[in-house]
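Inspection log for the structure reproduced underneath, given as structure tokens.
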Number of protein chains: 2
Amino acid sequence: MSRNSSAADTELLGTGRIQSVERALRILRAFTEPGQRLTVAELARRLDVHKSTASRLAATLVSAGFLERGGENDPLVLGPQLVRLGRLAVSGRSLPEIARPVMDELAAQLGETVTLSVPDAGQALTIGQSEGTFAVGLQNWLGKRAPLHATSDGKVLLAFGAATLPAGELSARTPDTIVDRAALDAELAQLRERGWGSSRGDFELGLNGVAAPILLPDGTCRAALCLSGPAYRVRSDDLAALAARVAFAARRIAALLDLAPPLPDPQDA
Amino acid sequence: MSRNSSAADTELLGTGRIQSVERALRILRAFTEPGQRLTVAELARRLDVHKSTASRLAATLVSAGFLERGGENDPLVLGPQLVRLGRLAVSGRSLPEIARPVMDELAAQLGETVTLSVPDAGQALTIGQSEGTFAVGLQNWLGKRAPLHATSDGKVLLAFGAATLPAGELSARTPDTIVDRAALDAELAQLRERGWGSSRGDFELGLNGVAAPILLPDGTCRAALCLSGPAYRVRSDDLAALAARVAFAARRIAALLDLAPPLPDPQDA
DNA sequence: CGGATGCGTTGCGCATTACGCGACGCGGTG
DNA sequence: CACCGCGTCGCGTAATGCGCAACGCATCCG
């Protein structure tokens, strides 16, 4: 019998991996949209296996709570067990790991590169980056630092008290960099008011960006989520609209962070 | 060969379920604590299979991103794929489903019954319930309604604007029920201030409760999370401490809710 | 009304595949 | 250095999961 001899089965399974399990997991991974419903036949097509195989895989996943069906037959949705495990999986993961899926989604939707920064040694340290879809875009900035007063994310970190400006002169990266502390304070006040920060060529000419804070429930700022791209795509007129999307994603990440620890220490009443 | 002939394998697999997949999923379900790390040998023991089998199952789960290992070998933790799927799984689930795991955890920790209520027709409708561990406790209240002014969750819904009191006299469920509207308003104001509500025998003599709001990011109140029990266990002196736990769990649920929809509608810049 | 299409499930029989076994390499401990 | 426990890897076997096809059930349409 040739069984499932179809070409290379997408990714030929390496040493010591179990076929049926890989297929089951590929069923789970087939879900990409929230609230998505997939039929057995559809899954069979995607996995390139027989209906019956997909049916049995699905039945197994359902009985373990990883999938769920609305009625007796037909629609498959992600199950409650995944809610539980998702909650657990978030714990013990670092901020960039938690933020990654959301950042990827945002970068894919808007096409521009998204970065995640935290304060470090008086600068903004980039600890996460999701590439956009354009050929022209932000270089790899992971692990690099940028001045707080000349970037959108740096300004956010300043405005929300996550970072403080080192003493001394404010260096001028470009002619448009804000070097006057009073002017900077005014911009930070406005930033705090509207909830997001921007940068228009003040770090590098032709580079624009918007950033929003990732706020913990107690109001402290944990990091800044930033979207940047060339000024001819990330236009000044669009900054507000983009900022809304970035701020939304930032709140989503904050919500994920809030899930991290379980309920508080076990001391009863 | 007897293969894995060990007794009944916990739950004997029904019709058309796939053994290896079930085992793989049982590995995932073995994780119950946040940040938990399990070794291959430990998993083999729990599943009652040979080390090599557990190793192969784990390898498959790792290669699909459902598990992850710190170093080359050794520690297994839940993987990033579960973070992604957990986020998706939350979407399209109803509030009680989302809240369930958190409520169960709280009920198990404190021993008392936890309920979830939303406003409905001028009353508080209970849409979720996790039983406590004591023999004496709240009866099944699912689907039932209670007056807004005489319960802790009802007061929360009132105070946070999720519900409005129907016109007319406030009925006295017990001698301790607040029937004076001015007195009620005063209590609601205080409730809003401190963030949680209580009820001491004003719904039923001997029954105490504390409740906290489940607040959406925009500040609106979606539901109330309530813990209740007999007054000799849920003592007046302990209400504040209990309320802190309930409020914490409520915020956790709110965070889960905030994950529900994906990023906003696809309209680009 | 009934043939046709597409869905999901179940029984069957075969051989693929996943299993248990044991060997090996490693790291920590007495 | 022997010992233990860990994780992985070949091997050979047979148990198991697969494809096949038949069935029941909806929906659609001539």
Side-chain angles (χ1 to χ4, degrees), chain A residues 1-27 30 36-64 66-77 79, chain B residues 1-27 30 36-64 66-77 79:
Chain A
M1 190 200 287
S2 66
R3 201 99 172 237
N4 173 34
S5 57
S6 73
D9 207 45
T10 304
E11 42 180 342
L12 68 169
L13 41 124
T15 325
R17 307 229 292 261
I18 293 163
Q19 189 192 51
S20 51
V21 174
E22 282 223 316
R23 288 175 169 175
L25 298 181
R26 212 175 314 160
I27 286 186
Q36 194 172 9
R37 297 154 33 113
L38 289 173
T39 69
V40 170
E42 173 63 19
L43 289 170
R45 253 172 273 131
R46 298 206 193 184
L47 300 195
D48 193 31
V49 296
H50 199 269
K51 282 190 305 178
S52 62
T53 303
S55 171
R56 281 185 275 254
L57 289 168
T60 309
L61 287 164
V62 166
S63 84
F66 286 76
L67 289 182
E68 219 174 17
R69 9 191 41 147
E72 174 70 16
N73 280 349
D74 255 26
L76 284 165
V77 286
Chain B
M1 191 201 287
S2 65
R3 202 110 172 220
N4 175 35
S5 56
S6 73
D9 208 46
T10 305
E11 41 181 342
L12 67 168
L13 42 124
T15 328
R17 306 229 293 262
I18 292 164
Q19 190 191 55
S20 49
V21 174
E22 283 223 314
R23 288 176 170 176
L25 298 182
R26 211 175 314 160
I27 285 186
Q36 193 172 10
R37 296 153 35 112
L38 290 174
T39 70
V40 171
E42 173 62 20
L43 289 170
R45 252 171 274 132
R46 296 206 194 183
L47 301 196
D48 194 27
V49 295
H50 197 269
K51 283 189 306 177
S52 63
T53 303
S55 171
R56 281 185 276 253
L57 289 168
T60 309
L61 287 164
V62 166
S63 84
F66 286 75
L67 287 182
E68 220 174 18
R69 6 193 42 151
E72 175 70 16
N73 279 349
D74 254 27
L76 284 166
V77 282

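None of the values given here were measured: they were computed from a predicted structure. All chains are named by letter (A, B, ...) in the order of the sequence lines, taking the proteins before the strands, and each is independently numbered beginning at 1.
Contact annotation: side chain of Ser52(A) to base of dC18(D), donor-acceptor pair absent below 3.5 Å. Between the base of dC9(D) and the side chain of Ser55(B) there is no donor-acceptor pair shorter than 3.5 Å.
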Each nucleotide N or O in nucleotides 5-7 of chain C that has a protein N or O under 3.5 Å away: list the pair and distance.
from: dC7(C); atom 1: OP1; to: Arg45(A); atom 2: NH2; distance (Å): 2.9

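Atom CZ of Arg69(B) has more than 12 neighbouring heavy atoms from other residues, nucleotides or ligands inside a 6.0 Å radius.
Residue whose closest nucleotide on DNA chain C sits further toward the 5' end, between Arg56(A) and Pro75(A): Pro75(A). Ranked by how close their nearest DNA chain C nucleotide is to the 5' end, Arg69(A) and Ser20(A) are led by Arg69(A).
Here the straight-line distance linking atom CG of Leu61(B) with atom CD of Glu68(B) works out to 12.5 Å at 0.5 Å rounding. Here the straight-line distance linking atom CG of Leu38(B) with atom CG of Leu43(B) works out to 5.0 Å at 0.5 Å rounding. Annotation: the span from Glu22(A) atom CD to Leu47(A) atom CG amounts to 11.0 Å, rounded to 0.5 Å.
For Thr53(A), counting side-chain heavy atoms from C-beta on, the closest listed nucleotide (dG22(C), dT17(C), dG19(D)) is dG19(D).
Taking Arg45(B) as the reference, Glu42(B) meet the salt bridge (Lys or Arg N to Asp or Glu O under 4.0 Å) condition, with sequence neighbours excluded. Residues passing the side-chain hydrogen bond (donor to acceptor under 3.5 Å, both in side chains) test with Thr60(A), sequence neighbours excluded: none. Scanning for side-chain contact (heavy atoms from CB on, under 4.5 Å) contacts around Thr53(B) gives Arg23(B), Val49(B), His50(B), Leu57(B), with sequence neighbours left out.
Spacing between atom CG of Leu57(A) and atom C1' of dC18(D) amounts to 10 Å, rounded to whole angstrom units. Distance, Gln19(B) CD to dG20(C) P: 8 Å, rounded to whole Å. Distance Glu22(A) CD to dC18(D) P: 12 Å, rounded to the nearest Å. Ile27(A) has its CD1 atom 11 Å from the P atom of dG8(C), to the nearest Å. The CG-P distance, from Leu47(A) to dG19(D), rounds to 10 Å in whole Å. We find that CG of Leu76(B) is positioned 8 Å from P of dG7(D), with the value rounded to whole Å. Rounding to whole angstrom units, NE2 of residue His50(B) and C1' of dA14(D) are separated by 17 Å. What separates CD1 of Ile18(B) from P of dG19(D) is a distance of 10 Å, to the nearest Å.
Between dA14(D) and dC18(D), the two C1' atoms lie 15 Å apart (nearest whole Å).
OP1 or OP2 of dT16(D) has not a single side-chain nitrogen or oxygen of Arg17(B) nearer than 4.0 Å.
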